[in-house]
Novice: 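Can you read through this structure? Questions will come right after.
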Amino acid sequence: MSDKCLLCPRKCGVKRAENLCCTLPGVCASPLNPVVARAGLHHWEEPVISGERGSGAVFFTGCNLHCVFCQNHDISSAPAGKEISVARLREIYFELIAQGAHNINLVTPTHFTDAILSSLEGGLPVPVVWNSNGYEFAASLRKLSGKVQIFLPDLKYADNALAWRYSRTPDYFERALEAIDEMYQQTGPWQMDEETGLLRSGVVIRHLILPGCVENSKKVIDFVARRFKNGEVFFSLMRQYLPCGKVSESSFPELNRRVTDEEYQEVEDHLFASGIEDGFVQDAESASGDFIPHFDGTGV
């Protein structure tokens, strides 16, 4: 058995076994060995990450956040995926690179930080993307220094009352700010490959607009505008919300709809007025189940 796990701000302290069959209940309900639900070329990230050939996305099972509206609910809160060795995880990286992946995109990786660190020993010939929910310890992220080139964190909430209601985290905003600051310390201002238009290094902060939460989105935008200058980070405003996960339950009726055109326009107008110039927005067609991958074990 391992020492108590304190990788993320949940600090649940569970002793995680190497194997899934022996793992004790914890927030992420995961062993030390990585559990992967899908690995393949992914074309639906921001253009500077997906490019023409796609991002080499590795979707890990489990999560430390458990948002009630999670679009990857089938693997974040359910026992899906295949347990693999660190050696096999590294093999997957090179298989994706051989298929043309512009980068290796580690999706929901936080709870497998130690295994991933081992898998990155020796480096990779393409950038590594750390694609996380933002609820992380800066101390855990420091372990990644020099091994991850691109950070793709969510900044879901500036309002901790919403964070508590939808993710049971009373301190999401504070922890996410510390995490993003650490990410930026590691990468510095974003760097592009001028020939390909792809991101070589940097931070892309994502924010998903939630129904009825326009003021939360505005606060997130205001924070990013104050914290960073143009040329330092990218900001990605996401319109892709669909009712998923637990939102159909009677406890969360306010989330059981899509974001309206009026809500989106109000947030987008606020973004354009904020002074943020480096970033991305989504059109209404992005709110489609067609963009949610099939977690069927492909590439694992």
Side-chain angles (χ1 to χ4, degrees), residues 44-50 65 67 69 71 129-136 138 141 150-167 169 171-192 197-242 254-255 258-287:
W44 304 316
E45 307 289 24
E46 286 74 7
V48 294
I49 293 175
S50 287
L65 199 54
C67 304
F69 52 83
Q71 293 184 330
V129 182
W130 190 262
N131 185 342
S132 76
N133 58 42
Y135 193 56
E136 308 197 59
L141 289 168
I150 299 169
F151 288 96
L152 189 59
D154 291 338
L155 185 50
K156 295 177 183 290
Y157 312 106
D159 181 342
N160 277 333
L162 291 180
W164 175 252
R165 176 162 175 76
Y166 299 140
S167 301
T169 52
D171 58 348
Y172 178 90
F173 190 51
E174 293 80 6
R175 300 292 81 76
L177 299 195
E178 292 169 357
I180 290 171
D181 280 348
E182 174 60 28
M183 294 171 183
Y184 182 74
Q185 285 296 315
Q186 291 187 29
T187 68
W190 53 262
Q191 299 290 326
M192 299 285 288
L198 293 170
L199 192 61
R200 291 188 302 182
S201 65
V203 178
V204 181
I205 301 170
R206 284 176 162 174
H207 174 71
L208 176 68
I209 306 170
L210 299 176
C213 299
V214 165
E215 292 307 312
N216 176 62
S217 295
K218 289 180 178 180
K219 289 177 182 177
V220 167
I221 291 168
D222 290 343
F223 159 74
V224 174
R226 289 194 306 268
R227 196 81 156 195
F228 298 102
K229 299 175 183 177
N230 288 318
E232 292 185 338
V233 302
F234 281 103
F235 182 75
S236 182
L237 184 64
M238 305 174 76
R239 192 181 181 176
Q240 66 189 50
Y241 178 86
L242 286 173
E254 72 275 19
L255 292 183
R258 301 189 185 205
V259 172
T260 66
D261 291 342
E262 291 76 16
E263 287 173 322
Y264 177 76
Q265 192 62 57
E266 185 174 348
V267 176
E268 186 181 68
D269 288 346
H270 193 81
L271 172 62
F272 291 160
S274 72
I276 295 174
E277 297 177 358
D278 305 327
F280 311 92
V281 294
Q282 291 181 327
D283 56 30
E285 287 72 27
S286 64

Novice: Is the Phe235 to Phe228 ring centre distance short of 6.0 Å?
Specialist: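 No, the ring of Phe235 stays outside the 6.0 Å limit from the ring of Phe228, centre to centre.
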Novice: Do Gln186 and Trp130 meet the criterion of a side-chain donor-acceptor pair at a distance under 3.5 Å?
Specialist: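 No, no side-chain donor-acceptor pair sits under 3.5 Å.
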Novice: In terms of ring plane angle, is the pair Phe69 and Tyr166 parallel, tilted or perpendicular, where the classes change at 30° and 60°?
Specialist: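 Taking Tyr166 first and then Phe69, their aromatic rings stand perpendicular (interplane angle over 60°).
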Novice: Check whether Ser274 reaches the backbone of Ile276 with its side chain - one donor and one acceptor, N or O, closer than 3.5 Å.
Specialist: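 Confirmed, Ser274 side chain pairs with Ile276 backbone.
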Novice: Just verifying a value: how many Å separate Thr169 OG1 and Leu162 CG, rounded to the nearest 0.5 Å?
Specialist: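 It is 10.0 Å, given to the nearest 0.5 Å.
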Novice: Please check if the side chain of Glu263 supplies one atom and the backbone of Gly212 the other of a donor-acceptor pair under 3.5 Å.
Specialist: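 Checked: pair present.
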Novice: Is any side-chain N of the basic residue among Arg227 and Glu232 closer than 4.0 Å to the acidic one's carboxylate O?
Specialist: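 Salt bridge between Arg227 and Glu232, a charged N being under 4.0 Å from a carboxylate O: no.
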Novice: Would you check if the side chain of Tyr241 reaches a backbone N or O of Leu255 as a donor-acceptor pair within less than 3.5 Å?
Specialist: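 Checking the backbone N and O of Leu255 against the side chain of Tyr241, a donor-acceptor pair under 3.5 Å is found.
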Novice: Kindly compute the distance separating CG (Asn131) from CD1 (Ile150), expressed to the nearest 0.5 Å.
Specialist: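 Output value for this atom pair is 11.0 Å.
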Novice: Nearest 0.5 Å, what's the OH-CG distance between Tyr172 and Leu65?
Specialist: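 The OH atom of Tyr172 sits 6.5 Å away from the CG atom of Leu65.
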Novice: Check side chain to side chain contact (heavy atoms under 4.5 Å, CB included) between Arg175 and all other residues, then give those that pass, not counting sequence neighbours.
Specialist: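 If we apply the side chain to side chain contact (heavy atoms under 4.5 Å, CB included) test to Arg175, skipping adjacent residues, the hits are Pro9, Tyr135, Phe137, Asp171, Glu178.
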Novice: State whether the side chain of Ser201 and the backbone N or O of Thr187 hold a donor-acceptor pair below 3.5 Å, judged by distance alone.
Specialist: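 Judged by distance alone, no pair lies under 3.5 Å.
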Novice: How many angstroms lie between OG in Ser236 and CG in Leu208, if you round to the nearest 0.5 Å?
Specialist: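 Rounded to the nearest 0.5 Å, the OG-CG separation comes to 10.0 Å.
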Novice: Counting only N and O atoms by type, is there a donor-acceptor contact under 3.5 Å from the side chain of Asn133 to the main-chain atoms of Asp154?
Specialist: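 A pair under 3.5 Å: no.
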Novice: Return yes if some donor-acceptor pair links the side-chain N/O of Gln282 with the main-chain N/O of Gln240 below 3.5 Å, else return no.
Specialist: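 Checked: pair present.
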Novice: I'd like to know if the side chain of Asn216 and the backbone of Lys156 have a donor-acceptor N/O pair within less than 3.5 Å.
Specialist: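 It does hold such a pair.
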Novice: With rounding to the nearest 0.5 Å, note down the distance linking CG in Leu199 to CE in Met192.
Specialist: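 The distance works out to 6.0 Å.
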Novice: Just wondering, do Gln265 and Glu268 contact through their side chains at under 4.5 Å, heavy atoms?
Specialist: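 Sidechains of Gln265 and Glu268: in contact.
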Novice: Does a side-chain N-to-carboxylate-O contact under 4.0 Å join Arg239 and Asp261?
Specialist: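 Judged by the 4.0 Å cut-off on N to carboxylate O distance, Arg239 and Asp261 do form a salt bridge.
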